[in-house]
Amino acid sequence: MTAFKSDFLNILQERGFIHQCSDFEGLDALAAKGQAIAYVGYDCTAPSLHIGNYLTMMMLHWLQQSGNKPITLMGGGTTMVGDPSGKDESRAIRSIAEIEANKASIRGVFSKVLRYGNGASDAIMLDNAEWLTKLNWIEMLRDIGRHFSVNRMLTMDSVRLRLEREQEMSFIEFNYMVCQAYDFVELARRTGCRLQMGGSDQWGNIVNGVDLGRRMGTEQLFALTTPLLTTASGAKMGKTAQGAVWLNADQFSPYDFWQYWRNAEDADVVKFLKLFTTLPMGEIQKLAALQGGEINEAKKVLATEATALLHGREAADTAAETARQTFEEGAIAESLPTVEVSRGELEAGIGVLGAFVKAGLVTSNGEARRQIKGGGLRVNDAAVTDEKMVLTPSNLTPEGVIKLSMGKKKHVLLKPA
């Protein structure tokens, strides 16, 4: 393990954030002086960011904690183009109104892990629509486009992999890396930003920006990426039966977020404690020493600390207590995720398969049938054995809800509206 001069790189290395860096020595010297201004770009393709984005947010968090300055760059401009990285087909073209709505919905999450303001190490938020939408096409071709080699662009993973799979790539997507590279140059000129960080799939795009800066006369720029997030079993992280693990509470509740971490594989607990909590390394090492059934205690700490960082301590403690009541006492906790159904719909009868789909516990009737055959679904803690079962007001508990469960840890309440 390399010993760096800067707290920033030492922290990132110790906690497992580093995958590739364009120049460790130069970046280390800059960060050691508290002069590293760094950004991560976030496109506005959905109303919420997800766990993959959370990893780079934590990189910005530790940058700020070590006395350096973070920039969160909203992709109001690049979202109009669409990043082809890791995709087999073109991303949907989104309307300006949709992009603006997504941008507004996303903004709030950053203040959970970053401090914004006017101080030397306070975070700032910018939007690349401010300069990208004002570029003149001919001037852009002459002043920026001439620095790009098509031969080199064709070797970038985002392009090469698409072409190797004989999937079409549109001209607009081909230009995405030009826009991202120019963002880096523009931020260097406007703010003195010298570092761009991102996931490992962004390495080619980021290095393009470093090279464009050199050709356009900025100070030396740096690239730093984090490893692709996978679980110990090799699966891509951040997917559940309900879909993506979103960061906005209205799309993925604090309770579901807590449960996501509580259900981590044993082999992933220490890695996730390092990446997704701010617990000191000494405490993490103590938790790493737990064996056997005690690992479940480490998982509860992971779940509570990760949830507290994003949703606040009160929401995390409520989620932990809800889980304790549900699993240890068998009680129906009021703060379990709730899906409302109309009183009329319930009186008419709701098929059990559709009820589990509506609750988000399964994705289809077919999956519900398979779960029933394996004994995986329960209504009010009683196993479902008949796939034609119909839920009516007679199934309401004294608390006025119907508790649907899949396995031991996933529960949703159906509540008449």
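Just so you know, these numbers use all the heavy atoms, side chains as well, and skip hydrogens, waters and symmetry mates.
- Between the side chain of Ser66 and the main chain of Trp62, a donor-acceptor pair closer than 3.5 Å is present.
- Taking each heavy atom of Asp211 and Arg215 in turn, the nearest pair found is OD2-NE, 2.8 Å.
- When every heavy atom of Ala188 is checked against every heavy atom of Leu221, the shortest pair comes out as CB-CD2, 3.9 Å.
- The two atoms that bring Val379 and Val384 nearest to each other are CG2-CG2, 3.6 Å, heavy atoms only.
- Residues Met58 and Thr278 have side chains in contact (heavy-atom distance under 4.5 Å, counting atoms from C-beta outward).
- Defined by atom type and a distance below 3.5 Å, a donor-acceptor pair is present between the side-chain atoms of Asn248 and Ser105.
- Between Ile206 and Ala223, the closest heavy-atom pair is CG2-CB, 3.3 Å.
- Contact of the Val113 side chain with the Leu309 side chain is registered, since non-hydrogen atoms from C-beta on lie closer than 4.5 Å.
- Between atom CD1 of residue Ile37 and atom OG1 of residue Thr191 there is a gap of 5.5 Å, rounded to the nearest 0.5 Å.
- The shortest non-hydrogen separation linking Cys44 to Gly76 is SG-N, 4.3 Å.
- More than 12 non-hydrogen atoms from other residues, nucleotides or ligands lie less than 6.0 angstrom from NZ of Lys112.
- Judged by distance alone, the side chain of Glu367 and the main-chain N or O of Thr363 form a donor-acceptor pair under 3.5 Å.
- The distance from the CG atom of Leu413 to the CD1 atom of Ile402 is 10.0 Å, given to the nearest 0.5 Å.
- Although no hydrogens or angles enter the test, the distance criterion places no donor-acceptor pair under 3.5 Å between the side chain of Gln202 and the main chain of Met197.
- For CD of Gln20, the number of neighbouring non-hydrogen atoms (other residues, nucleotides, ligands) closer than 6.0 Å is greater than 12.
- Between Trp261 atom CH2 and Leu310 atom CG the span is 10.0 Å, to the nearest 0.5 Å.
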Trace of the side chain to side chain contact (heavy atoms under 4.5 Å, CB included) decision for Leu12 with Phe4: CA-CA 10 Å; Leu12 257 56; Phe4 295 106; over 6 Å; no
Derivation of the salt bridge (charged side-chain N to carboxylate O under 4.0 Å, His left out) call for Arg313 and Glu305: CA-CA 8 Å; Arg313 181 64 59 182; Glu305 292 302 316; 3.0 Å; yes
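- To the nearest 0.5 Å, atom CG of residue Asp7 and atom CD of residue Gln65 are 11.0 Å apart.
- Partners of Glu297 under the salt bridge (Lys or Arg N to Asp or Glu O under 4.0 Å) rule, at least two apart in sequence or in another chain, are Lys300.
- A search for salt bridge (Lys or Arg N to Asp or Glu O under 4.0 Å) contacts involving Arg370 returns nothing, not counting sequence neighbours.
- Between Phe252 and Tyr260, the ring planes are perpendicular. Angles over 60° get that label, and only those under 30° would be called parallel.
- Lys403 and Ser405 get closest at one heavy-atom pair: CE-OG, 3.8 Å.
- In this structure Glu283 satisfies the salt bridge (Lys or Arg N to Asp or Glu O under 4.0 Å) test with no other residue, sequence neighbours excluded.
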